[in-house]
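What follows is a set of notes on a single structure, which appears directly below.
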Protein chains: 2
Amino acid sequence: MVDTRRGPRRTLSEQAILDAALALLAELGADRVSIRGIATRVGIAPNAVYTYFPDKAAVLAGVAEQLVGRVDAARFTGPARSWRERAHAVADALRAELLVHPGAVHLLLTSPMTGEHATTLGATVLAIMTDAGLDHEDAARAAHLLNVHVLGSVALTTDGADDQFRWGLDRLLDGITAHTP
Amino acid sequence: MVDTRRGPRRTLSEQAILDAALALLAELGADRVSIRGIATRVGIAPNAVYTYFPDKAAVLAGVAEQLVGRVDAARFTGPARSWRERAHAVADALRAELLVHPGAVHLLLTSPMTGEHATTLGATVLAIMTDAGLDHEDAARAAHLLNVHVLGSVALTTDGADDQFRWGLDRLLDGITAHTP
DNA sequence: ACCTGAACACCGTTCAAGT
DNA sequence: ACCTGAACACCGTTCAAGT
């Protein structure tokens with residue numbers, strides 16, 4: 001029994017679209033996330049998706065935002081732990097989030113991350129690097145470097161490879177430490 | 001005047017397919033490289049491409065191989081320059097190659113790099129890291145780390161951002177240096 | 001082996017129209 | 001504003017058949 005009535009049903013929202021996209025991502029992988037698949041899942045015609053998002057890229061950007069939003073940035077603020085411990089922790093948390101969604105990395109590597117969650121997480125990492133003793137400019141570069149390492153590592157390794165990730169992260173943080181005054 | 005005859009024409013090869021794919025990549029971007037587009041460009045029916053490659057993924061893997069083959073690995077071997085200079089040089093060369101082909105990075109991040117060119121370039125970077133004084137296991141990790149940095153940086157930055165790339169690379173090499181006995 | 005023609009099962013997106 | 005139906009311009013891939 002498919003509802004074929006037209007007009008608002010007041011049962012949908014942007015979030016419902018994103019939830020469907022995330023479910024598709026988890027079940028079928030990144031290359032199988034389609035507008036038509038999302039539409040079927042939420043029970044509307046394919047083109048009705050365009051009521052909520054301007055195009056597919058916007059949907060995928062929303063999914064990416066959703067994913068980075070799942071890592072709780074607040075856990076890595078404040079001087080309770082050393083900057084290095086916190087850097088390790090954010091990197092691990094983001095990586096773990098990406099590993100559970102196969103192909104999700106490519107979304108983050110493609111979509112320009114300008115959303116709210118991405119911004120706050122970026123600010124958190126920036127604060128960590130500032131705590132490390134870097135000036136504003138270097139802190140921004142270090143934050144970007146950490147991001148590159150996390151996303152690059154996940155994208156480039158098929159299996160787990162925890163060891164290689166952590167080894168690289170430690171070299172990277174050593175290099176940053178050596179650069180502080 | 002389109003040739004509609006069937007049978008071998010002896011005018012095509014795997015290389016011709018890859019050349020067409022590379023041209024499409026340069027002209028239209030990565031998401032516009034299609035089997036049908038390649039077929040049109042070389043003047044055959046779309047399905048005739050499957051005579052040369054088993055599927056699209058194989059074509060894209062071939063393109064990725066072609067691209068890494070363009071960086072001349074031999075230029076970075078031997079003890080003429082220090083390991084650090086050579087590490088800088090390979091990283092720059094690979095990055096430069098990826099920057100001229102928009103979207104090419106995603107090919108390297110997606111296709112498993114098992115080709116001949118990829119293998120020799122990997123061996124070259126491994127040798128550089130061995131020259132740095134690392135044992136076999138750490139040299140492999142350092143080589144992978146460099147790869148992650150180059151591909152991650154290119155994928156994650158829209159504009160040039162030479163500065164950020166080099167800064168990160170220097171931190172990374174500092175960290176590796178500090179880890180040598 | 002190398003090719004064509006036709007088809008299958010998909011895509012993203014647009015347009016006109018209904019509520 | 002939110003939705004449907006139909007269409008447009010594409011995809012990758014397979015199958016049968018011709019040379």
Side-chain angles (χ1 to χ4, degrees), chain A residues 1-25 27-64 102-103 106-107 110-112, chain B residues 1-25 27-64 102-103 106-107 110-112:
Chain A
M1 288 299 293
V2 178
D3 190 347
T4 57
R5 283 178 306 169
R6 302 187 181 201
R9 299 186 197 151
R10 303 221 160 278
T11 59
L12 289 180
S13 61
E14 292 189 14
Q15 191 57 52
I17 305 286
L18 293 179
D19 288 344
L22 273 161
L24 248 37
L25 182 68
E27 290 169 20
L28 306 173
D31 49 340
R32 300 278 284 275
V33 178
S34 65
I35 295 287
R36 296 179 109 103
I38 292 166
T40 301
R41 190 168 246 270
V42 299
I44 56 176
N47 49 3
V49 174
Y50 293 87
T51 311
Y52 300 93
F53 294 92
D55 51 31
K56 189 184 183 183
V59 177
L60 296 182
V63 170
H106 298 285
L107 258 48
T110 307
S111 307
Chain B
M1 287 300 291
V2 177
D3 191 347
T4 58
R5 285 177 304 169
R6 302 188 182 201
R9 298 185 198 153
R10 304 223 160 275
T11 59
L12 288 181
S13 61
E14 292 188 14
Q15 192 57 52
I17 306 285
L18 293 179
D19 287 344
L22 273 161
L24 248 38
L25 181 68
E27 290 169 20
L28 306 173
D31 49 340
R32 301 276 285 274
V33 179
S34 66
I35 295 287
R36 296 179 109 102
I38 291 166
T40 301
R41 190 168 246 272
V42 298
I44 55 175
N47 49 2
V49 174
Y50 293 88
T51 310
Y52 300 92
F53 293 93
D55 51 30
K56 188 185 183 182
V59 177
L60 295 182
V63 171
H106 298 286
L107 257 48
T110 307
S111 307

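Chain A is the first sequence line, chain B the second, and so forth, proteins listed ahead of strands; every chain is numbered from 1. Keep in mind that this is a model prediction, so the values were computed, not measured.
For Pro46(B), the side chain to side chain contact (heavy atoms under 4.5 Å, CB included) partners are Arg36(B), Ala39(B), not counting sequence neighbours. A search for salt bridge (Lys or Arg N to Asp or Glu O under 4.0 Å) contacts involving Glu27(A) returns Arg41(A), not counting sequence neighbours. Partners of Ser13(B) by side chain to side chain contact (heavy atoms under 4.5 Å, CB included), not counting sequence neighbours, listed by chain and number: Gln15(B), Ala16(B). Remark: Arg32(A) pairs with no residue by the salt bridge (Lys or Arg N to Asp or Glu O under 4.0 Å) rule, at least two apart or across chains.
Residue side chain Arg6(A) reaches the base of dT4(D) through a donor-acceptor N/O pair under 3.5 Å, judged by distance alone.
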Cut-off 3.5 Å, no hydrogens considered: what does the side-chain donor-acceptor table look like for residues 57-64 of chain B, sequence neighbours left out?
none

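Taking a 4.0 Å limit (strictly below) on heavy-atom distances, residues 48-57 of chain B reaches DNA chain C at Ala48(B), Thr51(B), Tyr52(B).
Residue pairs meeting the salt bridge (charged side-chain N to carboxylate O under 4.0 Å, His left out) criterion with at least one partner in residues 44-57 of chain B, sequence neighbours excluded, do not occur; the list is empty. Residue pairs meeting the salt bridge (charged side-chain N to carboxylate O under 4.0 Å, His left out) criterion with at least one partner in residues 16-25 of chain A, sequence neighbours excluded, are absent.
The distance between atom CD1 of Ile44(B) and atom C1' of dA1(C), rounded to the nearest whole Å, is 13 Å. The nearest whole Å value for the distance from the CG atom in Asp31(B) to the P atom in dC11(C) is 18 Å.
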Report all interatomic pairs (protein N or O, nucleotide N or O of nucleotides 6-10 of chain D) with separations under 3.5 Å.
unit_1	atom_1	unit_2	atom_2	d
dA6(D)	N6	Asn47(A)	ND2	3.4

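Between dC10(D) and dA9(C), the two P atoms lie 22 Å apart (nearest whole Å).
Helical stems in DNA chain D, defined as runs of 3 or more consecutive Watson-Crick or G-U wobble pairs with donor-acceptor distances under 3.5 Å: C:4-8 with D:12-16, C:12-16 with D:4-8.
Taken from CG in Leu24(B) to OG1 in Thr40(B), the straight-line distance is 9.0 Å, to the nearest 0.5 Å. Here the straight-line distance linking atom CG of Leu18(B) with atom CG of Leu25(B) works out to 11.5 Å at 0.5 Å rounding.
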- side-chain contact (heavy atoms from CB on, under 4.5 Å) between Phe53(B) and Ile35(B): does it pass, once the steps are laid out? CA-CA 10 Å; Phe53(B) 293 93; Ile35(B) 295 287; over 6 Å; no
